[in-house]
Amino acid sequence: MRSTAKCSAPAVSSSLGELDSSEIGGLWFASFVQEVVPVMMPVPRGNRWTATDLDHLPENGLRYEVLNGLLVVTAAPNLRHQLLIQGLGRALDTALPPGHLTLPGVGVLIGADEPIPDLVAASGPIDWDARGIPADQVKLVVEVVSRSTTLQDRMVKPVVYAEAGIPNYWRFEINSFKGQLPGESLPVLFAHELGDDQAYELTHRVSAGDTVTLHSPFEFAIDPGALLP
């Protein structure tokens, strides 16, 4: 077991609030200040978290991801968030080409990292016993921005997904946000495609009540407002 003497602790990031942390008896203890959620976790073998470290974390309703070697912990999404993902998954399933499928809340394997998008569209064959889906099989990642995931969904994850070569990134805003246009109804979809410079380019901005036909990664007509009751 790793000694606690003069040991630099691995980084833990939480969107629940400021993080107090200490290493206790070879375990990493994270206590979230705004919502007190104690978590006992094994310390990773190196100074960076990896996807395989997630196998040793508790199943306690929180979402654990590894982004750029950091462990990111977020609260379970709310009902509106889940309703949109459920509606989008059903709609996409009717438009998918043969050999493709959608999956909510599964890990995408990017080197030693494992981000967990809210929804992916991937091409088969899928190894159903694997811990996640390799990035080169993922054609689309979708994130629905929650108040606790704003930074990750708008800034961090798009870079991670683009560097992995995932061709399409869709972001949905379901809460009022900075930059929202006058009269723009929620939810709002921001659809991005991967450019030649391995960065995402915005191709469509679609608000509730408007219908647009997207052509990448496949043809799909969408009105974001129709995804919620």
Side-chain angles (χ1 to χ4, degrees), residues 13-17 32 34-37 39 51 54 57-67 71-96 100-109 114-122 126 128 131-133 138-158 160-161 166 168-177 180 184-192 204-212 214 217-218 220-229:
S13 172
S14 168
S15 54
L16 294 176
F32 304 104
Q34 292 181 0
E35 300 179 29
V36 180
V37 184
V39 182
L54 299 180
L57 299 185
E59 296 182 4
N60 54 7
L62 299 176
R63 173 176 288 186
Y64 298 97
E65 305 173 74
V66 177
L67 295 174
L71 178 65
V72 179
V73 185
T74 53
N78 62 27
L79 292 178
R80 181 177 295 275
H81 177 290
Q82 294 301 81
L83 279 171
L84 190 146
I85 286 298
Q86 185 180 61
L88 179 62
R90 286 197 299 261
L92 284 172
D93 285 342
T94 66
L96 290 173
H100 290 67
L101 77 166
T102 60
L103 289 169
V106 298
V108 175
L109 304 179
E114 187 180 338
I116 302 178
D118 289 317
L119 186 76
V120 301
I126 301 295
W128 297 111
R131 61 167 304 107
I133 300 177
V138 178
K139 308 305 177 186
L140 167 68
V141 286
V142 179
E143 299 285 3
V144 178
V145 179
S146 300
R147 299 192 189 282
S148 63
T149 64
T150 300
L151 177 62
Q152 293 98 306
D153 292 345
R154 293 180 186 167
M155 303 294 293
V156 179
K157 285 188 170 183
V160 173
Y161 296 146
I166 297 173
N168 295 271
Y169 174 63
W170 294 358
R171 187 185 88 239
F172 285 88
E173 299 282 352
I174 59 174
N175 301 301
S176 298
F177 59 96
Q180 185 174 354
E184 191 171 44
S185 300
L186 299 171
V188 178
L189 163 64
F190 293 83
H192 300 79
H204 295 83
R205 176 174 179 152
V206 190
S207 62
D210 294 332
T211 300
V212 169
L214 306 176
F218 37 78
F220 178 62
I222 182 171
D223 168 8
L227 302 177
L228 292 174

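- Under the 30°/60° scheme for interplanar angles, the aromatic rings of F218 and H100 are found to stand perpendicular.
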*Verdict with supporting geometry, R171 and V142, side-chain contact (heavy atoms from CB on, under 4.5 Å)*: CA-CA 6 Å; R171 187 185 88 239; V142 179; over 6 Å; no
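- Closest approach of H81 and S146 over heavy atoms only: CD2-OG, 3.3 Å.
- Separation of atoms CD (E114) and CD1 (I133) is listed at 10.5 Å; rounding is to 0.5 Å.
- Side chains of L189 and L214 form a contact here, defined as non-hydrogen atoms less than 4.5 Å apart.
- Contact between Y169 and P158 at its shortest, heavy atoms only, is CE2-CG, 3.5 Å.
- The minimum heavy-atom distance between Y161 and P117, with the atom names listed, is OH-CG, 3.3 Å.
- T94 and A91 get closest at one heavy-atom pair: OG1-O, 2.6 Å.
- Contact annotation: the side chain of V144 never approaches that of L119 to less than 4.5 Å [non-hydrogen atoms, C-beta and beyond].
- Summarising the geometry, atom CG belonging to D153 is positioned 8.5 Å from atom CD belonging to E173; distances are rounded to the nearest 0.5 Å.
- Residues V145 and R154 form a side-chain contact, since some pair of their non-hydrogen atoms from C-beta on lies under 4.5 Å apart.
- Between the side chain of R205 and the backbone N or O of V188, no donor-acceptor pair lies under 3.5 Å.
- Contact check for I116 versus V108: no side-chain heavy atoms found under the 4.5 Å cut-off.
- Heavy-atom minimum distance, L62 versus A75: CD2-CA, 4.0 Å.
- Using a distance-only test at 3.5 Å, with no hydrogens or angles considered, no donor-acceptor pair links the side chain of Q82 to the main chain of Q86.
- How far CZ of R90 is from CD1 of I85: 11.5 Å, rounded to the nearest 0.5 Å.
- At a threshold of 4.5 Å between non-hydrogen side-chain atoms, the residues R63 and D118 count as touching.
- The closest side-chain heavy-atom distance from L71 to V73 is below 4.5 Å.
- Residues T102 and V120 form no side-chain contact, since every pair of their non-hydrogen atoms from C-beta on lies 4.5 Å or further apart.
- Between the side chain of N168 and the main chain of K139, a donor-acceptor pair closer than 3.5 Å is present.
- Within the model, atoms CD of Q152 and NZ of K157 stand 7.0 Å from one another, a figure rounded to the nearest 0.5 Å.
- Side-chain contact check for I222 versus L88: some heavy-atom pair is nearer than 4.5 Å.
- Taking the six-membered ring where tryptophan is involved, the planes of W170 and F172 are perpendicular, since the angle between them exceeds 60° and thus also 30°.
- Rounding to the nearest 0.5 Å gives a distance of 9.0 Å between CD of E65 and CG of L54.
- Between atom CG of residue D93 and atom CG of residue L101 there is a gap of 8.0 Å, rounded to the nearest 0.5 Å.
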*Run the numbers on E59 and Y64 for side chain to side chain donor-acceptor pair (under 3.5 Å), then give the verdict.*
CA-CA 9 Å; E59 296 182 4; Y64 298 97; over 6 Å; no
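- S207 approaches S185 most closely through the heavy-atom pair CB-O, 3.4 Å.
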